[in-house]
Protein chains: 2
Amino acid sequence: MGETSRSRETGTLGKLMALLDLVALADRPMRFTDILALSDQPRGTLHRQLSHLVEEDLLETDREGRYLPGIRLLHLASRSWARNEFRMVAEPHLRVLQGQTGETVHLGVLRGDEVIYLDKVEGRQSVRMYSQIGNASPAYCTGVGKAALSALDDLDLKTRLSGMVFHPYTEYTHRDIESLLEDINVIRARGHAFDLEEHESGICCVAAPIHSDDGTLAGVSVTGPAYRVTSEKLQEWAPLVRGAAASIMQDMHSRLGPRR
Amino acid sequence: MGETSRSRETGTLGKLMALLDLVALADRPMRFTDILALSDQPRGTLHRQLSHLVEEDLLETDREGRYLPGIRLLHLASRSWARNEFRMVAEPHLRVLQGQTGETVHLGVLRGDEVIYLDKVEGRQSVRMYSQIGNASPAYCTGVGKAALSALDDLDLKTRLSGMVFHPYTEYTHRDIESLLEDINVIRARGHAFDLEEHESGICCVAAPIHSDDGTLAGVSVTGPAYRVTSEKLQEWAPLVRGAAASIMQDMHSRLGPRR
DNA sequence: AAATTCGGTTCCGAATAATGGAACTTTTTA
DNA sequence: TAAAAAGTTCCATTATTCGGAACCGAATTT
């Protein structure tokens with residue numbers, strides 16, 4: 001008892017990071033009062049906390065005094081991305097998969113009930129190649145997310161998704177956990193997941209789970225517009241996607257195992 | 001006196017962020033003892049600090065207990081990058097400049113004595129398009145850096161660069177602040193900066209300063225291999241680079257000014 | 001096999017930093 | 001010009017961090 005759901009506050013840092021999330025992940029600069037309304041801190045406390053985040057360059061203020069994400073975040077992330085071992089191991093396989101299918105290939109890892117995209121390979125390098133990298137999407141309505149979830153057993157799954165809100169993005173989005181669990185069961189049996197316009201209208205994908213032996217849950221997917229990426233195509237690609245996932249897992253294993 | 005150089009510690013957050021820098025910006029996973037040697041914290045303290053960073057997903061541990069950057073950094077950074085107003089305003093101009101010159105175009109902002117790259121446009125999308133974004137380089141030996149520095153007066157400049165170590169990357173790298181200041185004077189008079197293999201052998205560039213009216217110092221540059229990007233080419237491109245910088249500043253101004 | 005070192009973790013009184021209510025200043029609105 | 005709202009500073013109280021020392025387990029040495 002006592003612990004309401006999953007609200008561990010890691011002391012000072014936890015509070016500051018929650019505040020950083022609030023401001024940095026918002027989609028526009030926020031004024032002090034906006035933040036005050038959303039955080040439940042007293043004025044004095046909030047003011048000092050924001051000052052500290054600005055002092056550390058995790059937030060910045062524009063000339064109107066509004067708060068927005070600081071450049072230090074970008075710096076920290078770039079190194080971590082560039083040297084991410086999982087991403088490096090997976091990359092060549094993503095390229096192969098892209099070549100085989102001609103469509104966009106994603107690599108995403110599960111974090112809580114969300115998927116965070118670690119890499120993306122597109123055929124024709126379109127306008128903003130990296131637009132997706134680092135983005136978070138709900139696990140329950142994305143191919144990569146459902147694939148990753150399928151590697152958990154029902155108990156873990158329910159724990160992880162407790163409190164999840166099933167937002168109806170499209171008419172095909174899962175409405176509740178029962179519906180999702182049914183889907184997951186099929187995915188487990190079959191070895192790959194489909195996303196048929198569940199997150200975004202007109203976008204379909206096929207994905208396979210990756211579970212690294214350090215406990216990381218992730219997935220690879222091939223994604224494209226529904227008019228081009230038909231059910232038949234997705235079926236046809238499923239073995240390729242599963243193959244890519246298998247290769248990535250094997251490379252991870254042989255790369256990390258021996259060094260032990 | 002008292003304040004040794006510029007070592008403000010923002011209480012708890014400052015210490016934790018210094019530690020995060022140490023671990024996340026390292027180029028390999030670090031064991032507890034490695035970190036202990038580099039940070040000057042007592043064992044107990046360090047252990048708790050690392051635990052907090054891991055708890056908050058700013059760091060992770062691999063199966064050997066070594067510490068490495070966490071995925072939350074990537075998530076925070078992606079939103080901040082995607083919504084960065086300066087970058088959005090600059091982007092079309094970077095593309096134009098890329099088209100005009102055929103070489104790689106960079107956008108970087110000054111942070112302390114370093115430049116952090118905010119965007120990059122390449123002609124032929126080479127292997128890792130985004131490899132550079134978020135990376136930091138010393139200001140004194142990069143085109144973008146020197147251009148940005150040239151917008152400061154000598155006093156600010158000396159303050160900012162006090163304590164700077166002039167690492168000799170190549171035989172052309174500035175060795176001391178006097179040499180740099182001479183160069184900066186020329187840059188100020190001329191309106192653009194050259195980097196003739198000062199940071200990396202075989203790489204040259206021409207850059208122009210950008211100063212937003214919110215005090216941000218930044219720069220645009222066109223960069224390429226010395227064998228292709230000759231002095232004549234750089235001379236020829238200088239007006240184009242200055243033009244791009246001017247357009248970016250104007251767009252920033254007209255975008256932000258009216259809203260005031 | 002026993003002893004020792006090494007790498008990492010836990011504990012708890014003392015030291016330090018964060019908290020938050022209230023007073024104060026500046027800016028905006030009426 | 002007054003009044004309200006927004007933002008900032010102060011400081012006694014409270015909570016958190018600090019850090020030395022003890023502890024644990026695994027690997028290494030004797």
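A, B, ... follow the sequence lines: proteins, then strands. Residue 1 opens every chain.
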Checklist line | Atom of A:L152, atom of A:L157 and distance for their closest heavy-atom approach | finding: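 Result for this residue pair: O-CD1, 4.2 Å.
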Could you state the atom-to-atom distance from [atom1] of [X] to [atom2] of [N] in whole Å?
{"X": "B:L36", "N": "C:dG7", "atom1": "CG", "atom2": "P", "value": "10 Å"}
{"X": "B:M30", "N": "C:dG7", "atom1": "CE", "atom2": "P", "value": "14 Å"}
{"X": "B:R31", "N": "D:dA26", "atom1": "CZ", "atom2": "P", "value": "17 Å"}
{"X": "B:L16", "N": "C:dA17", "atom1": "CG", "atom2": "P", "value": "13 Å"}
{"X": "B:R66", "N": "C:dG7", "atom1": "CZ", "atom2": "P", "value": "15 Å"}
{"X": "A:I35", "N": "D:dA5", "atom1": "CD1", "atom2": "P", "value": "20 Å"}
{"X": "A:L46", "N": "D:dG7", "atom1": "CG", "atom2": "C1'", "value": "11 Å"}
{"X": "B:L50", "N": "C:dT9", "atom1": "CG", "atom2": "P", "value": "9 Å"}

Margin query: Can you list everything that forms a side chain to side chain donor-acceptor pair (under 3.5 Å) with A:T216? Sequence neighbours excluded, please.
Written below: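 Only A:D214 meet the side chain to side chain donor-acceptor pair (under 3.5 Å) criterion with A:T216.
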Note to self: Which residues pass the side chain to side chain donor-acceptor pair (under 3.5 Å) test with B:H52, not counting sequence neighbours?
What the structure shows: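 In terms of side chain to side chain donor-acceptor pair (under 3.5 Å), with neighbours along the sequence ignored, B:H52 is linked to no residue.
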Item checked: Counterpart residues, salt bridge (charged side-chain N to carboxylate O under 4.0 Å, His left out), relative to B:R79 (two or more places apart) ->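 With sequence neighbours excluded, B:R79 shows a salt bridge (charged side-chain N to carboxylate O under 4.0 Å, His left out) to no residue whatsoever.
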Check: Which residues satisfy the salt bridge (charged side-chain N to carboxylate O under 4.0 Å, His left out) test with B:R111, sequence neighbours excluded?
Finding: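 In terms of salt bridge (charged side-chain N to carboxylate O under 4.0 Å, His left out), with neighbours along the sequence ignored, B:R111 is linked to A:D57.
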Below 3.5 Å, can you tabulate the donor-acceptor pairs from side chains in residues 140-148 of chain A to any protein atom, sequence neighbours excluded?
from   : atom 1 : to     : atom 2 : distance (Å)
A:Y140 : OH     : A:H167 : N      : 2.7
A:Y140 : OH     : A:H167 : O      : 3.0
A:T142 : OG1    : A:P138 : O      : 3.1
A:T142 : OG1    : A:G145 : N      : 3.2
A:K146 : NZ     : A:D183 : OD2    : 2.7
A:K146 : NZ     : A:F194 : O      : 2.8
A:K146 : NZ     : A:E198 : OE1    : 2.9
A:K146 : NZ     : A:E198 : OE2    : 2.9

Report the residues that fulfil ring-ring contact (aromatic ring centres under 6.0 Å, His included) with [X], sequence neighbours left out, ordered by chain and then residue number.
{"X": "A:Y67", "answer": "none"}
{"X": "B:H199", "answer": "B:Y169"}
{"X": "B:H75", "answer": "none"}

Check: Thinking salt bridges, do A:D154 and A:R188 make one under a 4.0 Å N-O criterion?
Finding: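 Looking at A:D154 and A:R188, the cut-off is met.
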Note to self: Need the bend value for the helix from C:dA1-D:dT30 to C:dA30-D:dT1: angle between end axes, 5 pairs each end, nearest 10°.
What the structure shows: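 Here the local axes at opposite ends form an angle of 30°.
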I'd like a table of atom pairs between the protein and nucleotides 25-29 of chain C - only N or O on both sides, under 3.5 Å - with the distance next to each one.
none

Which pairs would a plain distance check flag for residues 28-49 of chain A, meaning a side-chain donor or acceptor within less than 3.5 Å of a matching protein atom at least two apart in sequence or in another chain?
from  : atom 1 : to    : atom 2 : distance (Å)
A:D34 : OD2    : A:R31 : N      : 2.9
A:S39 : OG     : A:I35 : O      : 3.4

Checklist line | Letter per nucleotide, 5' to 3', of nucleotides 8-21 of chain D [B base touched, S only sugar-phosphate touched, - untouched; heavy atoms, 4.0 Å] | finding: BB------SSBBB-
Checklist line | side-chain N/O B:T33 vs C:dG8 OP1/OP2, d < 4.0 Å | finding: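 True: B:T33 side-chain N/O within range (under 4.0 Å) of C:dG8 OP1/OP2.
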